[in-house]
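A quick write-up on the structure given underneath.
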There are 2 protein chains.
Amino acid sequence: MKRKITLKQIARELDVSISTVSKALRNSPEISADTKQKVQAFAKLYNYRPNNIALSLKNRKTNTIGIIIPEIVHHFFSKVIRGVELVANKRGYNVIIGLSNESFSKEVINMEMLANGSIDGFILSISKETLQLQDYHHFNETMSQGMPIVMFDRVVSDINCDKVIVNDFGGAKSAVEKLITNGCKSIALITTKDYVSVGKLRTQGYMDALNDAGFELESELILKLDDKLDYEVHLDALENEIEHLFKSNKSVDGVFAVNELYALSAMKVARKLGLEIPKDIQVIGFTDGVLSKHSTPSLTTVSQHAQVMGEKAADLLINRLETEHNENEDETYQTVVIETDLIERKSTK
Amino acid sequence: MKRKITLKQIARELDVSISTVSKALRNSPEISADTKQKVQAFAKLYNYRPNNIALSLKNRKTNTIGIIIPEIVHHFFSKVIRGVELVANKRGYNVIIGLSNESFSKEVINMEMLANGSIDGFILSISKETLQLQDYHHFNETMSQGMPIVMFDRVVSDINCDKVIVNDFGGAKSAVEKLITNGCKSIALITTKDYVSVGKLRTQGYMDALNDAGFELESELILKLDDKLDYEVHLDALENEIEHLFKSNKSVDGVFAVNELYALSAMKVARKLGLEIPKDIQVIGFTDGVLSKHSTPSLTTVSQHAQVMGEKAADLLINRLETEHNENEDETYQTVVIETDLIERKSTK
DNA sequence: TTGTACGCGTTATCAT
DNA sequence: ATGATAACGCGTACAA
């Protein structure tokens, strides 16, 4: 087992100084052709590569991006990562990931871990617990130490930094407008409790669309579900709530759900109650998932372009990292809004 | 904007030497209570944290794991990552990811990038292109430089290293046995071409089960699909092939598919042909996806326990990193086999 | 009890 | 044309 070779070893082996080796390898005109030739051949033979860690220390630049997300087993987030990774690699950066698992303390710990020199900047989406606690000190501290942050999707206006968000309001609104255009007269909303900003915005889009169309807003048609009912676990409870909604509002002929799972559950319950999709009831989900395409019937969705979000976030961060910022130049941050697309499938007419 | 504080700055500020500060912070008995108190208070005030990069350089240990996977937008791989991250964090390691995107050259480049000091060891799953080319020099080179590798799922016997694999053979066999027990008389197999080892093993499990039960092996019942037909893209082509299989073998009353998408497509085609599931035809998929649970009917699957694989791989790697290896001790590698579970849902009787 | 010197691997600057 | 030195930030063996 041969350890990785260093400049020092090459220097000793060829009986020259370390700096000569360094210069020869970087093709410095200071060095004679002879020596260059000799050193480069030797280096190639032993497959010399400069040590990243030493370079990072010297340059005070790691060329690594830290990404903190609440959950990786989630189509939306993994697509964002793919986008980040794509751009980062293209521009010479690595990506290191930290999972907050929706927990405030894990978010804080992970960020502290990475902020101590391991990375040049963060791309992150805030955990639910942090949003509930509204404790953002760790973001401010990180930034005040000169480490830039780009937030995506789950952002808060309290923090001053670059952001990439989806047009949640507009996407939701146009989805509901689609249902209205398709003839729906009584449209239900299945959403989450309000503390996650994106949920709130989507709810507003729903309301605005109804309002514009001159519909009455009926609070019984709005189902606000607890987040604990998310994902795999309490599928039954989820379906029960939806079933109750349908049963007490028999006229419902359209459903807008703020995520894929809610939309699928709605379809499942509808089928169970003997309703035909899209004849009797039409469904649209806000999502970036895989389920929609393969469900029966396939689900019409509002696409969030997660990968584009990741790419954009990475570009924003790297641009900021590589732009010379004078000390007393007042930093101006931008918020990029990604427009959604309505992908029409078989759950709407 | 205050930059991160260093030992040197604290030393200058308090008018002591750097090493005094260092010792005081590590609570060395060499230092007087007074000085310790003073230094620690100051450090706390300025929120001092040692620089990871400097520590890595000094200790020649990064406490970071590199993970190379073919694709991140994939339920199986993201679950593995979650497992790795869980264990890594618990044991004081960070995780840095590289995506090969199923490409040989990207796999090589990514590994070289990380191997130059950024990480202590690799956890990886081989890309399809690499498996086709059978070019494994980059793995051997990495290991010969003293950097350990743990492979998972897609492994090759040519390489001598720790491995974590699924019991593909056994899982497939018991799935097919289940179909037989449930009364199936004519069981089709939908699989991929053979160069991906896991596909081959699952095919063997299928054949073994049939053999044990005294069934005739009928080659028309085996559908070997091109990998290019995978995933999102050529869904139609996929379904056409399956439809052709069903139409030319009307007696088929059971299907074993080596992945989730194939299984779902089989169900879709079956429904289209007027077959009832599971009454007329039963289906089982080998998978770790989200689709199974939410399909109609929900799909009986062979669970691979992806997260456990990740956890196990991380433990293997970290154990090796932290065990003192004498120079001339012949290393002995282990292969951990994760047993599968049959998750019975509505696509079987 | 405190400080000095050294080394991790690299590059830039200055001296020879 | 080549080499010595300092510096990035840290910890530790050794000296004072």
Side-chain angles (χ1 to χ4, degrees), chain A residues 2-40 42-43 46-64 114-120 145-147, chain B residues 2-40 42-43 46-64 114-120 145-147:
Chain A
K2 46 173 187 192
R3 287 203 76 80
K4 290 231 64 167
I5 197 167
T6 67
L7 289 185
K8 188 196 277 193
Q9 292 168 50
I10 299 182
R12 190 171 18 187
E13 211 67 35
L14 297 181
D15 208 44
V16 290
S17 78
I18 296 180
S19 42
T20 302
V21 176
S22 175
K23 286 171 186 165
L25 289 177
R26 325 190 91 244
N27 235 319
S28 158
E30 293 180 36
I31 305 295
S32 72
D34 272 24
T35 328
K36 270 192 215 169
Q37 153 68 18
K38 192 175 56 172
V39 172
Q40 288 174 0
F42 191 91
Y46 282 89
N47 195 29
Y48 169 80
R49 293 274 183 282
N51 180 309
N52 288 332
I53 295 293
L55 288 180
S56 296
L57 183 59
K58 174 139 192 54
N59 302 330
R60 289 140 135 204
K61 178 114 173 48
T62 62
N63 273 266
T64 300
L114 297 184
N116 297 321
S118 300
I119 61 162
D120 296 333
Q145 288 175 350
M147 178 159 302
Chain B
K2 47 175 184 191
R3 287 204 78 80
K4 291 229 64 167
I5 198 168
T6 68
L7 287 186
K8 188 198 275 193
Q9 293 167 48
I10 299 182
R12 190 171 18 188
E13 211 67 36
L14 298 181
D15 209 44
V16 290
S17 80
I18 296 180
S19 57
T20 302
V21 176
S22 174
K23 287 171 185 163
L25 289 177
R26 325 193 93 246
N27 237 318
S28 158
E30 294 180 33
I31 305 296
S32 72
D34 272 23
T35 327
K36 270 193 214 170
Q37 154 68 19
K38 193 175 57 170
V39 171
Q40 289 175 356
F42 191 91
Y46 283 89
N47 195 30
Y48 170 80
R49 295 274 183 283
N51 180 310
N52 288 333
I53 295 293
L55 288 179
S56 297
L57 183 59
K58 177 148 192 45
N59 303 331
R60 288 140 136 206
K61 177 114 174 44
T62 63
N63 273 262
T64 301
L114 297 184
N116 297 323
S118 301
I119 60 160
D120 296 332
Q145 289 175 351
M147 177 158 305

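Keep in mind that the numbers below use all heavy atoms, side chains included, and drop hydrogens, waters and symmetry copies. Throughout, a chain's letter reflects where its sequence line sits, starting with A, and its residues are numbered from 1.
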> For A/K61, what residues pass the salt bridge (charged side-chain N to carboxylate O under 4.0 Å, His left out) criterion, not counting sequence neighbours?
Replying inline: A/D120
>> Suppose the criterion is salt bridge (charged side-chain N to carboxylate O under 4.0 Å, His left out): which pairs have a residue in residues 46-58 of chain B, not counting sequence neighbours?
In response: none
>> From CD1 of A/I31 over to P of C/dT11, roughly how many Å is that when rounded to an integer?
In response: 13 Å
> C/dC14 C1' sits how many Å from A/E30 CD, rounded?
Replying inline: 10 Å
>> Heavy atoms within less than 4.0 Å of DNA chain D: which residues of residues 48-56 of chain A have one? Give them sorted by number.
In response: none
>> Test of understanding: with side-chain contact (heavy atoms from CB on, under 4.5 Å), list the residues that count as partners of B/Q9, not counting sequence neighbours.
In response: B/I5, B/T6, B/R12
> Going by heavy atoms closer than 4.0 Å, what residues in residues 15-28 of chain A are next to DNA chain C?
Replying inline: A/I18, A/S19, A/S22, A/K23, A/R26
> How about A/I53 and B/T62: do any of their side-chain heavy atoms sit closer than 4.5 Å?
Replying inline: yes
> For A/Y48, which residues count as a ring pair (Phe, Tyr, Trp, His ring centres under 6.0 Å) partner, sequence neighbours excluded?
Replying inline: none
>> Could you work out, with salt bridge (charged side-chain N to carboxylate O under 4.0 Å, His left out) as the rule, every residue matching B/E30, not counting sequence neighbours?
In response: B/K23
>> In this structure, how many angstroms lie between the C1' atom of C/dG9 and the CZ atom of A/R3, rounded?
In response: 13 Å
> Considering the terminal five base pairs at each end of the helix from C/dT1-D/dA16 to C/dT16-D/dA1, what angle separates the two local helix axes, rounded to 10°?
Replying inline: 70°
>> What residues from residues 4-13 of chain A pass a heavy-atom cutoff of under 4.0 Å to DNA chain D?
In response: none
>> Of all nucleotides in DNA chain D that come within under 4.0 Å of a heavy atom of chain A, which is furthest toward the 5' end and which toward the 3' end?
In response: D/dA1 to D/dG9
> Got a sec, which residues hit side-chain contact (heavy atoms from CB on, under 4.5 Å) with A/N27, two or more places apart in sequence or on another chain?
Replying inline: A/K36, A/Q40
>> A/T20: which residues meet the side-chain contact (heavy atoms from CB on, under 4.5 Å) condition with it, sequence neighbours left out?
In response: A/V16, A/S17, A/I31, A/T35
